[in-house]
Amino acid sequence: MRKESLGPYYDHVVSLESPFDKYQTELNLKSADLSKLSDKQSKEEIKELRIKYFGKEGNARLEKVDEEIRQRDQKIAEYK
């Protein structure tokens with residue numbers, strides 16, 4: 001649909017999209033499928049997507065951020 005509406009400009013517009021936007025779009029499109037998987041399988045699929053768009057180093061940084069968020073949420077829950 002985008003290719004039809006953008007016509008000859010499609011390739012240029014796609015080349016300007018950030019990897020994060022592409023990652024978010026694919027993650028949103030796969031969210032229903034991911035919710036049907038087990039937690040372990042879901043995390044593995046997300047890891048593969050992150051590696052695809054950000055590389056192994058980017059995935060490692062994102063996993064570190066995920067862990068920090070999980071710890072913060074746990075502390076908040078304990079406080080409440």
Members sharing Ile69's hydrophobic cluster, built from side-chain contacts under 4.5 Å between Ile, Leu, Val, Met, Phe, Trp and Tyr, are Val65
Excluding Leu49, membership of its hydrophobic cluster (Ile, Leu, Val, Met, Phe, Trp, Tyr; side-chain heavy atoms within less than 4.5 Å) reads Phe20, Tyr23, Leu27, Leu34, Leu37, Ile46, Tyr53, Phe54, Leu62
Do Asp66 and Arg50 come within less than 4.5 Å of each other through their side chains, counting heavy atoms only?
yes
One should read off an interatomic distance between Lys47 NZ and Ser42 OG, to the nearest 0.5 angstrom, of 13.5 Å
To the nearest 0.5 Å, atom CG of Asp73 lies from atom CD of Glu68 at 12.0 Å
State which residues pass side chain to side chain donor-acceptor pair (under 3.5 Å) with [X]; sequence neighbours excluded, sorted by chain then number.
X     : answer
Glu67 : Arg70, Gln71
Glu63 : Asn59
Ser38 : Gln41

Residues pairing under ring pair (Phe, Tyr, Trp, His ring centres under 6.0 Å) where one sits in residues 61-80, two or more places apart or in two chains, turn out to be none
So the salt bridge (charged side-chain N to carboxylate O under 4.0 Å, His left out) pairs with at least one residue in residues 16-29 (sequence neighbours excluded) are Arg2-Glu17, Glu26-Lys30, Glu26-Lys52
The salt bridge (Lys or Arg N to Asp or Glu O under 4.0 Å) partners of Asp11 (sequence neighbours excluded) come to none
